[in-house]
*Asks:* 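Before I ask anything, here is the structure I am working with.
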Amino acid sequence: MGDAVDVDLRKLRYFVAVAEESHFGRAAERLHITQPVLSRQIRALEHELGAQLFTRGKQSTELTAAGHQLLEDARPLLASAQALGRRVQRAAHGASTFTVGFMPGITVTGAVRDFTARHPELDVQVVRTSWDTQVQAVHEGLLDVSFVRLPVERRGLTLRSVFREARVAVLPSHHRLAGKTSIGIADLAAERLLQDPDAVPEWRDLPDRISDEEVGERPAFGSVEEKLEHVATSGGVLVLPLSTAAYYTHTDVAHVPIDDIGPNEVCLAWSADRHSALMSEFADVTAAER
């Protein structure tokens with residue numbers, strides 16, 4: 001076993017910036033420090049860890065195997081440190097809050113109301129999240145608990161299953177499938193999927209689906225509303241949990257159940273590093289509501 005290493009969080013932040021930019025100059029600009037200072041800090045980190053983290057080229061900087069491992073571990077560690085700071089500051093200012101995140105379509109009113117009745121001393125707040133923020137906000141300490149839709153990266157989280165629900169295809173209202181009672185995933189093989197195929201592996205793995213070349217570059221959307229507007233005006237399809245599709249009303253789109261793919265699972269998530277009884281109690285209250 002090797003000796004324990006005391007890792008400087010500032011050096012870790014510098015490392016992540018270089019890894020994400022793949023360039024020392026751009027990373028230095030992002031961090032508002034000089035490139036020589038950044039290079040010295042990275043060399044010092046490599047010395048402390050006893051491993052080379054980057055292969056430095058003229059045009060770009062690539063991660064070594066050790067660098068890839070550090071990047072995987074560094075992000076949750078930095079998020080955890082940031083969360084710790086937020087919780088300490090809240091405690092120092094006497095703020096007794098409990099913050100609950102929820103995805104569109106997930107109703108949390110009953111659980112929040114019952115939990116508030118149990119703990120009148122707490123200021124229980126609700127925050128709407130998105131696919132991109134539902135987990136990160138937990139790691140960063142912005143949320144105490146969050147209702148998340150799987151799949152998510154489970155590392156660093158405690159997850160408690162809440163419910164499962166069917167998934168539906170969201171189509172233009174004039175689409176040939178829009179009037180069907182239900183469809184199979186293979187019926188969407190020729191359609192342009194507007195979301196990451198990894199989010200719909202059943203479509204991604206269809207042997208005769210439309211090719212990536214035919215799909216082309218998928219537009220970058222900031223919200224479900226933008227995706228639905230694109231479906232209505234430009235075509236394409238989405239596969240969404242039923243409650244999400246039902247949450248957004250749009251007269252020019254329709255949703256049809258997909259009867260041969262598994263349901264979407266909703267879980268309550270909180271940081272695995274936190275052992276407050278409030279998290280488990282909120283999970284119990286949520287389960288009693290279902």
Side-chain angles (χ1 to χ4, degrees), residues 9 12-13 15-17 19-20 68-87 90 97-108 111-112 115 124-165 167 194-201 204 218 220-227 238-245 247 262-276 278-287 290:
L9 293 180
L12 275 187
R13 284 193 291 271
F15 162 77
V16 170
E20 291 179 345
H68 280 290
Q69 182 62 58
L70 182 60
L71 182 61
E72 183 180 339
D73 291 328
R75 284 170 170 153
L77 182 59
L78 290 172
S80 179
Q82 191 174 25
L84 181 150
R86 286 198 175 98
R87 291 196 295 270
R90 285 207 307 250
T97 61
F98 189 84
T99 308
V100 181
F102 69 97
M103 290 280 283
I106 300 175
T107 302
V108 300
V112 170
F115 189 73
V124 183
Q125 303 173 354
V126 293
V127 176
R128 176 175 162 177
T129 63
S130 69
W131 287 101
D132 296 329
T133 63
Q134 60 174 345
V135 166
Q136 192 62 25
V138 173
H139 288 313
E140 292 178 357
L142 298 173
L143 302 172
D144 290 296
V145 297
S146 184
F147 289 87
V148 302
R149 293 191 182 277
L150 301 188
V152 298
E153 172 53 59
R154 294 170 177 261
R155 190 169 69 160
L157 295 176
T158 298
L159 294 172
R160 184 86 64 87
S161 181
V162 178
F163 67 91
R164 299 182 178 206
E165 61 174 322
R167 288 183 286 169
L194 297 179
Q195 62 206 108
D196 185 345
D198 288 341
V200 193
R204 181 200 61 202
R218 291 179 175 82
F221 298 108
S223 65
V224 175
E225 291 95 335
E226 289 180 17
K227 292 179 182 178
L238 298 167
V239 176
L240 297 176
L242 175 58
S243 64
T244 302
Y247 180 83
N264 174 248
E265 184 173 7
V266 173
C267 290
L268 191 69
W270 63 92
S271 173
D273 293 333
R274 299 187 64 186
H275 305 291
S276 168
L278 289 175
M279 280 76 170
S280 294
E281 183 180 351
F282 186 83
D284 292 340
V285 169
T286 298
R290 294 289 164 181

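Start at 1 with the first residue, then count along the sequence.
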*Asks:* A269 and L157: which non-hydrogen atoms are nearest, and at how many Å?
*Replies:*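 The answer is CB-CD1, 4.5 Å.
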*Asks:* What is the ring orientation for F115 with F98, classed by angle as parallel under 30°, tilted 30 to 60°, or perpendicular over 60°?
*Replies:*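 Taking F98 first and then F115, their aromatic rings sit tilted (interplane angle of 30° to 60°).
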*Asks:* For the atom pair CE (M279) and CG (L268), what is the distance rounded to the nearest 0.5 Å?
*Replies:*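 Reported value, rounded in 0.5 Å steps: 9.5 Å.
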*Asks:* I'd like to know whether M103 forms a side chain to side chain contact (heavy atoms under 4.5 Å, CB included) with W131, so could you lay out the CA-CA distance, the side-chain angles of the two residues, the decisive distance to 0.1 Å, and finally the verdict.
*Replies:* CA-CA 8 Å; M103 290 280 283; W131 287 101; 3.8 Å; yes
*Asks:* On a heavy-atom basis, which atom in V16 and which in A74 lie closest, and how many Å separate them?
*Replies:*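 Taking V16 first and A74 second, the nearest heavy atoms are CG2-CB, 3.9 Å.
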*Asks:* Are any of the side-chain nitrogens in D196 or R204 under 4.0 Å away from the carboxylate oxygens of its partner?
*Replies:*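 So D196 does not pair with R204 through a salt bridge.
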*Asks:* To the closest 0.5 Å, what do you measure between CD (E153) and CD (Q136)?
*Replies:*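 E153 atom CD to Q136 atom CD measures 11.0 Å (nearest 0.5 Å).
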*Asks:* Could you tell me the separation between the CG atom of L278 and the CH2 atom of W270, rounded to the nearest 0.5 Å?
*Replies:*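 One gets 11.0 Å once the value is rounded to the nearest 0.5 Å.
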*Asks:* Who are the ring pair (Phe, Tyr, Trp, His ring centres under 6.0 Å) partners of Y247, not counting sequence neighbours?
*Replies:*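 None.
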*Asks:* Applying side chain to side chain contact (heavy atoms under 4.5 Å, CB included) to S243 and R149, what does each step give before you reach the verdict?
*Replies:* CA-CA 11 Å; S243 64; R149 293 191 182 277; 2.7 Å; yes
*Asks:* Might you point out which heavy atoms bring H275 and A272 nearest each other, and give the distance in Å?
*Replies:*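 Answer, listing the atom of H275 first, then A272: CE1-O, 3.4 Å.
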*Asks:* Using side chain to side chain contact (heavy atoms under 4.5 Å, CB included) as the criterion, point out the one residue from V135, V100, V148, T129 that pairs with L143.
*Replies:*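 Only one of V135, V100, V148, T129 forms a side chain to side chain contact (heavy atoms under 4.5 Å, CB included) with L143, namely T129.
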*Asks:* Report the distance from atom CD1 of I106 to atom CD of E165, rounding to the nearest 0.5 Å.
*Replies:*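 The CD atom of E165 is 7.5 Å from CD1 of I106, to the nearest 0.5 Å.
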*Asks:* For the backbone of S146 and the side chain of Q134, can you confirm whether one donor and one acceptor N or O come within less than 3.5 Å of each other?
*Replies:*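 A pair under 3.5 Å: no.
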*Asks:* With heavy-atom distances below 4.5 Å as the criterion, would you say the side chains of T99 and L142 are in contact?
*Replies:*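 No, side chains not in contact.
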*Asks:* Testing the basics here: between C267 and V162, what is the closest heavy-atom pair and its distance to 0.1 Å?
*Replies:*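 In this case the closest contact between C267 and V162 is C-CG2, 3.8 Å.
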*Asks:* Using the rule given for side chain to side chain contact (heavy atoms under 4.5 Å, CB included), can you reason through L12 versus L70, listing the C-alpha separation, both sets of side-chain angles and the distance that settles it, and then say yes or no?
*Replies:* CA-CA 9 Å; L12 275 187; L70 182 60; 3.9 Å; yes
*Asks:* Name all residues meeting the ring pair (Phe, Tyr, Trp, His ring centres under 6.0 Å) criterion together with F102; count only those two or more places apart in sequence or in a different chain, and write none if there are none.
*Replies:*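 So F102 forms no ring pair (Phe, Tyr, Trp, His ring centres under 6.0 Å) with any residue.
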*Asks:* Going through the distances and angles, do V239 and R167 end up as a side chain to side chain contact (heavy atoms under 4.5 Å, CB included)?
*Replies:* CA-CA 7 Å; V239 176; R167 288 183 286 169; 4.1 Å; yes
*Asks:* Counting only heavy atoms from other residues, nucleotides and ligands, does the tally under 6.0 Å from CZ of R128 exceed 12?
*Replies:*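 Yes.
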*Asks:* Measure the CG-NZ distance between L194 and K227 for me, rounded to the nearest 0.5 Å.
*Replies:*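 Result: 8.5 Å between the selected atoms.
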*Asks:* CG of L240 to CG of N264: how many Å apart, nearest 0.5 Å?
*Replies:*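 Reported value, rounded in 0.5 Å steps: 9.5 Å.
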*Asks:* Say whether T97 and Q125, considering side chains only, have a donor N or O and an acceptor N or O under 3.5 Å apart.
*Replies:*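 Looking only at side-chain atoms, Q125 and T97 do not form any donor-acceptor pair under 3.5 Å.
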*Asks:* Using the ring pair (Phe, Tyr, Trp, His ring centres under 6.0 Å) criterion, which residues pair with F147? Sequence neighbours excluded.
*Replies:*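 Per chain and number, F147 pairs via ring pair (Phe, Tyr, Trp, His ring centres under 6.0 Å) with no residue.
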*Asks:* Would T286 and R160 satisfy side chain to side chain donor-acceptor pair (under 3.5 Å), going step by step from the backbone distance to the final call?
*Replies:* CA-CA 10 Å; T286 298; R160 184 86 64 87; over 6 Å; no
